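Everything quoted here is computed from the prediction, not taken from an experiment. FYI, side chains are in, hydrogens and waters are out, and symmetry mates aren't considered; it's all heavy atoms of this structure. In the text below, chain A, chain B and the rest are named by the order of the sequence lines, each starting its count at 1.
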Amino acid sequence: MSIKPKDHSGPTAFVNARLLDPATGLDAPGGLLTLGEAIAAVGPDVTAKAAGAGVQVVDCKGLCLAPGLVDLRVQIREPGEEHKGTLETAGKAGTAGGVTTMVCLPNTDPVIDDNSVLEFVARRARLLGLSKVFPYGAITKDLQGRELAEMAMMAEAGAVGFTDGTRAVADAQVMRQALSYAATFGLTLVQHPEEPALAEGGVMNLGETATRLGLSGIPSVAEVMMVERDLRLLELTGGRLHMAHLSTAAAIDAVRRAKARGLPVTCDTAPFYFALNELAVGDYRTFAKLSPPLRSEDDRQAVIAGLRDGTIDAIVSDHDPQDEDAKRLPFAQAAFGGVGLETLLPITLELVHNGHLDLLQALALVTCRPADLMGLPAGRLAVGAAADLVLFDPERAWKVDEFSLHSKSKNTPFDGRPVQGIAVRTVVDGRTVFNREG
Amino acid sequence: MTDSTPPIASFTHRHLLGIEGLSPVEIELLLDRSESYVEQNRQADKKKSVLRGRTIINLFFESSTRTRTSFELAGKRLGGDVINMSVSTSAVKKGETLIDTAMTLNAMHPDVLVVRHADSGAVKLLSEKVNCAVINAGDGAHEHPTQALLDALTIRRRKGRLGGLQVAICGDIAHSRVARSNIHLLNTMGARVRLIAPRTLIPVQAERLGCEVFHSMADGLVDCDIVMMLRLQTERMKGNYFPSIREYFRFFGLDYDKLSRAKPDALIMHPGPMNRGVEIDSELADDIERSAIREQVEMGVAVRMACLEIMAGNLPDPWQRND
């Protein structure tokens, strides 16, 4: 791999845009000037006329210019499973979806449980110059849930948080000690909240659909039990805990109550869980086999309510690439997971089109709020900040087609879905890294 | 007994089970008496006869080299008869209970039992069943009073006082009886105590013992007069207290860089045995300008002589036996 970032082409003025900055509430016509890697000016004064000689002018034609999306949950698969996805294919999918910053899970092979793998991933991503990649480190060595990994050293090397990825830290004592140890250094732990003993053998949500299809179910209580256990531990140890991809009404309610009590807990969800329910499994569609599983319609509505009332702090793509061999199997044998980088923006915009959130609220959930959760220098249209931008058309209608995805793996549960809103141009550090128009 | 001293009226405890509960006057008395033995131990003729005719049993339910040797030397230098018993290798293996062992030994009329046990509270339980004086040589993660006294003697000799000093105790506080005894002693004598360790190694509500708690060496060592390092007691650890030795050393091992936050004349102490490169940089441990580690060992013998003398001197005379 020898792709290097292209040189900066000098100052660029993005003019005639609808500027959207959820961090400040800005929603106004204007322009944005980049200089080198940073934003040099934002506002109504940045126009084509005002641009001096040597400034490249990009006419945004009234489309929305916002901070590039920040995605806190991406599985890249490199190193170890490059046949499913690589840093390059994830970067291309990310930039095509308007994602300029992604946080990747440590469940690679080898696992990101020490500095060497962490630095390998960060360096390769930096050389590519596509979406920025910030790794999570593992909580436990080799994700085995037994011995703590070197979290403090990984944090020094740049790990933004710690998680065992798609596995819950099952042992309560290990989780207690992990929380306590992490709190020593002010580190955030991210839990995949699922009681493994209850999920064992289950392949979809426990309920009527599973019963009709004859598939073994994962009860929704598997999620809330782990959430509630960890909240008790958090109360004991102190520290900071983030619950990943919540999918059930009960778990969201548990977090809501914990926040009301002042516990330092945050959570996210993924588009799958507010745009789909268990009926998407339909006729054994393995692309709809996800972890956590797609839930009931009541749960889906509760996820939307959690997004509306602020209980849920962020929307993540939960990008989980699986190749055909892993999905073209009887449902019970197929792998869990769906790709999501390229549908994060349009499915999030469904919340706007359906009247659940206004545009700035929806954008905040995929820009400044996730950035703040992990302390990332991203998600804002501020002078001096990195020029990580997405230019998007919130109205343009299109249909998700697995074969048009940039992702190496095509396993999207949204295949065939008509959606509205698309990223037109994506800018990372002042460089245009994706341009749908040419 | 030619040179025996009369019972010490102001130290009335039958046993020395811990520092908690001792008064400043009692601690001063133990330290002053210890001080008198320091010079004697540096003479060619170290022998006195204050304990002539007395029997001291070192009853160690947990392995130990330095503490046992220190007590043994202390007893012998005072003219007592010292027996070492390592119980882990004898009666306990045959199924005898702690209390049965105590009763058996008691029947042999010892004067002082020096007891170490892996379980907190075991020494106190034993002391309730015997007629002689009991000195706690370390019970679980509870107390190790003679260690705190020898630490205090070392500090007092180097710094001239205990009151007002800022002392940092660093490392495995959770499993440390040395830390607990030192916290009680230093607080009683008017020093200020900080604990520095990862949260996993700080016991719950440690600040209730009268300490300030820190989770960073850089913050906790600022302006300290004394830096006490503790050994990582991996043999007592069940579970995950830290991920690796190298990460522990990086953030909580004492080296010149971290020490630079303390006062320029800060004294480094360690109860031993040291794990070089784990809790303390090897070069620093050997730095005679900064480290009082070997001096602590020397003070240990003097302190144990004082404790044996005082405890033996407190025995009812003549013995009033219950049996």
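- With a 6.0 Å radius and a threshold of 12 heavy atoms from other residues, nucleotides or ligands, B:Lys159 has its NZ atom above the threshold.
- No more than 12 heavy atoms of other residues, nucleotides or ligands sit less than 6.0 Å from atom CZ of B:Arg208.
- Without hydrogens or angle criteria, B:Glu247 side chain to A:Ala152 main chain gives a donor-acceptor distance under 3.5 Å.
- Both the backbone and the side chain of A:Ala183 come within contact range of chain B, with heavy atoms under 4.5 Å apart.
- Atom CZ of A:Arg176 has 12 or fewer neighbouring heavy atoms from other residues, nucleotides or ligands inside a 6.0 Å radius.
- No more than 12 heavy-atom neighbours from other residues, nucleotides or ligands sit within 6.0 angstrom of CD on B:Glu283.
- Closest heavy-atom contact between A:Tyr181 and B:Tyr241: CD1-O, 3.5 Å.
- A donor atom on one side chain and an acceptor atom on the other are found under 3.5 Å apart for B:Ser244 and A:Glu150.
- Minimum interatomic distance between A:Leu148 and B:Asn240 (heavy atoms only, all atoms of both residues): N-OD1, 2.9 Å.
- Proximity to chain B (any heavy atom under 4.5 Å) is restricted, for A:Thr237, to the backbone atoms N, CA, C and O.
- Counting only distance, with no hydrogens or angles, the side chain of A:Thr184 and the backbone of B:Arg199 share a donor-acceptor pair below 3.5 Å.
- For B:Phe214, no part lies under 4.5 angstrom from a heavy atom of chain A.
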